[in-house]
Amino acid sequence: MHNLLHNLNDEQLAAVTLPAQSALILAGAGSGKTRVLTTRIAWLIQTGQVSPSGLLAVTFTNKAAKEMMTRLSAMLPINTRGMWIGTFHGLCNRLLRTHHRDAALPQTFQILDTQDQLSAIKRLIKAHNVDDEKFPPKEVMYFINGAKDQGLRADKIEPYNADERKKCELYQLYDDQCQREGVVDFAELLLRTYELLSRNQPLREHYQQRFKHILVDEFQDTNDLQYKWLKLLSGHGERDGGSALFAVGDDDQSIYAFRGANVGNMSAFEREFKVQNLIKLEQNYRSHGHILDAANVLIANNSKRLGKNLRTDAGHGEQVRVYEASSDLAEAQWIIEETKSLISDGAARSEIAVLYRSNAQSRVIEHALFSAGIPYHVYGGLRYFQRAEVKHAIAYLQLMDNPHNDSAFLRVVNFPTRGIGLRSIEALQAAAEQHRISLYAAVPYVAGKAGSSLGGFVKLVEGARFETQQMALPELVRVVLEASGLLTHYQTEKEGADRIENLEQMVSAATQFVSEEGYGQGAPAHLGPQAQAQAGVPIVNEDGFEILDADAALPTVMSPLSAFLSHASLEAGDNQATAGQEAVQMMTVHSAKGLEFNNVFITGLEEGLFPHESSSREHDGVEEERRLMYVAITRARQRLYMCFAQTRMLHGQTRYNMKSRFFDELPEESLKWLSPKVQSHWFANKKSAWDETPLVGSDNAIAQKIAQKSPGSGWRIGESVAHGKFGEGVIVNIEGSGNNARAQINFGSHGMKVLDLSIAKLERLGR
DNA sequence: AAATTTCTAGTTTTT
DNA sequence: CTAGAAATTT
């Protein structure tokens, strides 16, 4: 038994072997968080404290869930497939499929991804003649999702003003529309499950008693609804004790507030669950000392922290290399040079990561890497199931499984084109609106030519369903690709080769899905759970309430087709981990979270970019940016580079930025400035002046000197200056001349100022 | 229905 | 500037 616990440090061991009570594990970057989580599960099972079916492990990404299962399989000889390990959304999907009746959903309900949701809202706004200038669909979507993420239905929101009242109305209409169509969005999966369990006592108690242990990864990323969901499921405040909730997270790596994550859940959890077991994992196994020092010193500038300090046994290692480039192009060029020398020193390309704050920054660097002939891989493009052609194919499959999905209907009713134009659709929408039914169901109500062409489309879908009745999923997919006319369509299109390839790939995706998810290879794709079920034994509880437990994996509650469609929505496919050739890894800092590399470049460290300018407007925005910087730094194992540029093209305009404030928050001794640290003759001269005369006097003297010597003209755009009150800044623009010359200066955190050059006391920071 | 022009927004992302 | 959507023309 104890081999499991081998090689754990004291902190880790303590966390793994905690008693069955609520616990909060503050797991620093690179402290072996996943290891603790999986070993804890293995230990609980191996010591007989809980059976594999008695615990629930929740993650945010499929990748993390898979990783956990893989590691667990390696530790214990158990089948992890049937275990309750998954994402919030995946687990909710499983519960809702099993209890679809109680949740008031059709068994074949479908999941809208963000694109589908947006188009559904656009449709709604149009149908109700709402001004989309005043209520942009995106904004309405954020409003709805934001409300759902807090667990709020439309009728529970107290609108601030008329606009918000309208949004609530739209929210309600949207929910009605989804209900009619038999579709749910991502947030709905969680909210619906939450409501199901809170309203249905026998069901709730069943699952509460079942899950003796609940383990949550990345707890700092939970939103309000997810926290409520966990509280409910753990039976907090209901039964004695409730289940043991084991939360693992790092408040310093909370970087998803913008999508509803609430770090406050960590302290709320500690308080509300009266957590006695708080363990900090502070031993870092990833980074060398200077890198860790930089991270520690930087993050200490944040006020709202639970408090944690990483340490390493690895020794200081190299200093962080800092480079100031004259332009974004020069920055990219420098990255190329350093990358080349890393590679020639034997570094693997895949161990070199270039990180940036926003995607727009990747272009220049990509271009430079391309010109230099260095292979690279950019993370975060379109994912497989998001590609237009794949979404089209999916839409046909969706219609076969649930014809009332209007989003799917509209996507393909005239694609490939079959003479169903705008007027036909409008007639159909009118009929659907009138009878309050789906577009598909409204087809018989449309008369004339439009009616017959629409009828043809319905026949196509029905025909495909009939034809594929006895087929296994991969075969079904192939038939639908043909019958829909998609393959033919792209064959005739000149640039359709890639798209055809993607469509073909769907057959193999289906094959892989069927074998991995445990569907009998030849099982008919349409076959309902009843026909397949050999598991899923009904459970009768004390009240005589019959529950079909969502016990075994999905095959018992879903047809292969439904399951595949859920899979397509919930797991949009990897764009990550294209572990193809050896390539330099390029990604945003956000997507670098959880990864590590021997060599890391953090680029574009400029005020306005990183920290991003919009962060200063948000509550605790700069603290979040600082955490983001902390995440970036802690990705590096051995060598870390930081760089910034004096000028940068952004939105077609040249911008002059100051270096990031984060440089002032890093320990001097851990940094090695490769370019001269903004010192020139002027600066040097100024220094001697400082020595001779008191502060204020010297400032004045220099300002006068400047004013006399070169009234207005001596300054140039892009130049760095310092001001007694506003600190360091960059001249962005100069207007007027002579004694009237005024300069627009970007003082970073102090904002943009326009100063009269003959009056303002400016000193030059040479470049 | 396809091709062309015009407009417009422009952090971060998973499910 | 520039990608992607929307509007407009052919």
Side-chain angles (χ1 to χ4, degrees), chain A residues 58-65 86-93 111-119 122 126 132-133 136-138 142 145 148-149 184-191 193 217-218 221-223 225-226 254-261 328 355-364 379-383 385-386 388 414-423 489 492-494 566-576 587-594 604 608-618 621 624-625 627-629 631-632 648-655:
Chain A
V58 199
T59 64
F60 275 84
T61 64
N62 294 299
K63 195 179 162 198
T87 63
F88 278 103
H89 296 84
L91 296 166
C92 286
N93 183 43
I111 301 163
L112 299 183
D113 66 19
T114 313
Q115 280 177 49
D116 299 331
Q117 189 187 17
L118 187 63
S119 78
K122 279 183 185 164
K126 249 195 198 127
D132 62 353
E133 301 258 286
K138 274 227 177 82
Y142 290 145
N145 289 340
K148 288 190 180 184
D149 284 346
V184 298
D185 57 52
F186 288 128
E188 183 71 25
L189 280 171
L190 277 139
L191 182 52
T193 308
D217 192 15
E218 307 279 17
D221 288 339
T222 51
N223 64 33
L225 178 56
Q226 286 159 339
S254 161
I255 55 173
Y256 285 113
F258 71 91
R259 65 176 198 210
D328 47 353
L355 310 184
Y356 33 84
R357 172 68 239 265
S358 67
N359 289 301
Q361 290 164 248
S362 73
R363 291 185 135 273
V364 214
Y379 280 61
L382 259 197
R383 286 132 133 252
F385 283 108
Q386 318 222 63
N414 197 34
F415 193 94
T417 51
R418 44 178 75 89
I420 300 175
L422 213 65
R423 346 166 258 297
H489 172 85
T492 51
E493 200 169 70
K494 38 191 184 306
S566 303
H567 168 81
S569 303
L570 293 177
E571 219 168 318
D574 310 342
N575 68 50
Q576 317 252 326
M587 66 196 85
T588 62
V589 181
H590 280 93
S591 37
K593 193 178 157 208
L609 252 193
F610 200 178
H612 197 274
E613 53 198 350
S614 54
S615 70
S616 57
R617 281 176 241 129
E618 286 151 28
E624 174 127 335
E625 294 287 306
R627 291 193 289 268
L628 197 51
M629 181 68 183
V631 168
R648 178 179 298 276
M649 271 298 237
L650 199 65
H651 308 330
Q653 278 173 327
T654 308
R655 305 216 333 185

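In what follows, every chain begins at residue 1, and chains take the letters A, B, ... in the order their sequences are listed.
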Practice item. Would you check if His612(A) stacks with the base of dT11(B), given a 5.5 Å centroid limit and a 30° plane limit, both strict? Key: yes

Review point. With respect to the phosphate group of dT13(B), does any side-chain polar atom (N or O) of Asn359(A) fall under 4.0 Å of OP1 or OP2?
Key: yes

Exercise for review: Go through DNA chain C in 5' to 3' direction and return only the first and the last nucleotide with some atom under 4.0 Å of chain A's heavy atoms.
Suggested key: dC1(C) to dA6(C)

Review point. Under 4.0 Å between a side-chain N or O of Arg259(A) and OP1 or OP2 of dT15(B)?
Key: no

Check your understanding: How many Å lie between CG on Asn62(A) and P on dT14(B), as a whole number?
Key -> 11 Å

Check your understanding: Would one find a side-chain N or O of Asn414(A) under 4.0 angstrom from OP1 or OP2 of dA1(B)?
Key -> yes

Point to revise | Side-chain N or O of Thr588(A) closer than 4.0 Å to phosphate OP1/OP2 of dT13(B) | key: yes

Point to revise | Nearest-Å distance once atom P is located in both dA3(C) and dT12(B) | key: 15 Å

Practice item. Round to the nearest Å and state the distance from Arg357(A) atom CZ to dG10(B) atom P. Key: 14 Å

Review point. Any donor-acceptor pair under 3.5 Å joining the side chain of Thr61(A) to the base of dT14(B)?
Key: no

Exercise for review: Classify the side chain of Thr114(A) and the base of dT15(B) as holding, or not holding, a donor-acceptor pair under 3.5 Å.
Suggested key: yes

Check your understanding: Ring of Phe258(A) versus six-membered ring of dT12(B): centres under 5.5 Å and planes under 30°?
Key -> yes

Practice item. Determine the interatomic distance between P on dG4(C) and the same-named atom on dT11(B); round to the nearest Å. Key: 14 Å

Check your understanding: Arg357(A) side chain to Leu609(A) main-chain N or O, any donor-acceptor pair under 3.5 Å?
Key -> no

**Study point:** 5' precedence on DNA chain B between Asp113(A) and Arg423(A) (nearest-nucleotide basis)
**Key:** Arg423(A)

Practice item. Quickly work out the Asp149(A) CG to dT13(B) C1' distance and round it to whole Å. Key: 13 Å

**Study point:** SB check Lys593(A) Asp221(A) (cutoff 4.0 Å)
**Key:** yes

